[in-house]
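The first residue in the sequence is number 1, and the count goes up from there. Because the structure is a prediction, the values reported are computed rather than measured.
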Amino acid sequence: GYRVSLQAHFFGRIHTYITFPEYSPRKHIKLDPPLDIQSNATASKCQIWWSLWNVPWYLADILQYELQYKEDSMPWEVARNKTLPSSLPQAEIEATELHSGIAYAARVRCKVSENENSYHSQWSEWSKTTVFQRADVPKVSEKILNNKTMQYLFIPLSFGTLLYLFWNCKLSSRTQKNSPFLLCCFLTLGQKASPALTFPHQLLSFSHSTVCTMGILR
């Protein structure tokens, strides 16, 4: 340890005053503020990083940081503070904490971690600020949405049409001996059997509907 004393000269005599009888420099540290703070904002998060200057190597791994950010138009008194859990000179802000279309300002300061017993320091001064704005989430166009909807509807509609043709073909096989044109009959409750379209006409109708559906998808 050290002893810090103060000497003063009064009326031709030197007086010595002991200010700190036991002084340990490692317990009274104040670091320089972080430098070169930068940011990169996307639609999902904002990344912020900085560098250190004049910090001994044995302190770099035991530092803790405090991040402060706010809307750029607001005073620092209403800013949000976040103590970072890592000693790495970087931080992230989730997009859920930011409003789209609004500019934000952030700054950071550092000190020796409170969990460290060998050294003790107070917070440094705040760094300079970096300004960022969350990127907008790209919107899905209505055309793409409509095309996907038609694609999802095309599969069940096609399956239903094939099932319908298969059932009519099965009915037509029962009446094949009595009908040279392979007529299909639709029987409904309370009605008599009535002739329907022939199987080739049905297949042609299905092909036409398929072509129309594919045209819509395009």
In Å, rounded to the nearest 0.5 Å, how long is the span from [atom1] of [X] to [atom2] of [Y]?
| X | Y | atom1 | atom2 | value |
| --- | --- | --- | --- | --- |
| S118 | Y58 | OG | OH | 11.5 Å |
| S121 | H28 | OG | NE2 | 11.0 Å |
| E71 | L98 | CD | CG | 9.5 Å |
| C46 | E94 | SG | CD | 10.5 Å |

Given side chains that start at C-beta, do those of [X] and [Y] come closer than 4.5 Å, heavy atoms only?
| X | Y | value |
| --- | --- | --- |
| Q64 | E116 | no |
| W126 | W76 | no |
| S113 | S87 | no |
| Y104 | I93 | no |
| L67 | N81 | no |

Are [X] and [Y] in one and the same hydrophobic cluster, where Ile, Leu, Val, Met, Phe, Trp and Tyr link if side-chain heavy atoms are under 4.5 Å apart?
| X | Y | result |
| --- | --- | --- |
| W57 | L88 | no |
| I29 | L52 | yes |
| I37 | V55 | yes |

- Inspect the contact between K30 and E125 and indicate whether a charged nitrogen and a carboxylate oxygen are less than 4.0 angstrom apart. yes
- Ignoring hydrogens and geometry, is there a side-chain-to-backbone donor-acceptor pair from T130 to A106 under 3.5 Å? no
- For N117, look at atom CG and say whether over 12 heavy atoms of other residues, nucleotides or ligands are found less than 6.0 Å away. no
- Message: Distance to the ring centre below 6.0 angstrom and angle to the axis at most 45 degrees; does that hold for R80 and Y69?
- Response: no
Taking all non-hydrogen atoms of both residues, which atom of [X] and which atom of [Y] are closest, and how far apart?
| X | Y | result |
| --- | --- | --- |
| E66 | W123 | CB-CH2, 3.6 Å |
| L31 | K111 | CD1-CA, 4.4 Å |
| A105 | D72 | CB-OD1, 3.6 Å |
| L35 | W53 | CD1-CB, 3.2 Å |
| A41 | A135 | O-CB, 4.4 Å |
| Q90 | L84 | O-CD1, 3.8 Å |

- Task: I would like to know whether N40 and Q38 meet side chain to side chain donor-acceptor pair (under 3.5 Å); could you show each step before the answer?
- Result: CA-CA 7 Å; N40 180 36; Q38 301 181 53; over 6 Å; no
- Message: By the definition side chain to side chain contact (heavy atoms under 4.5 Å, CB included), identify the one residue from E92, Q68, E97 that meets it with K82.
- Response: E97
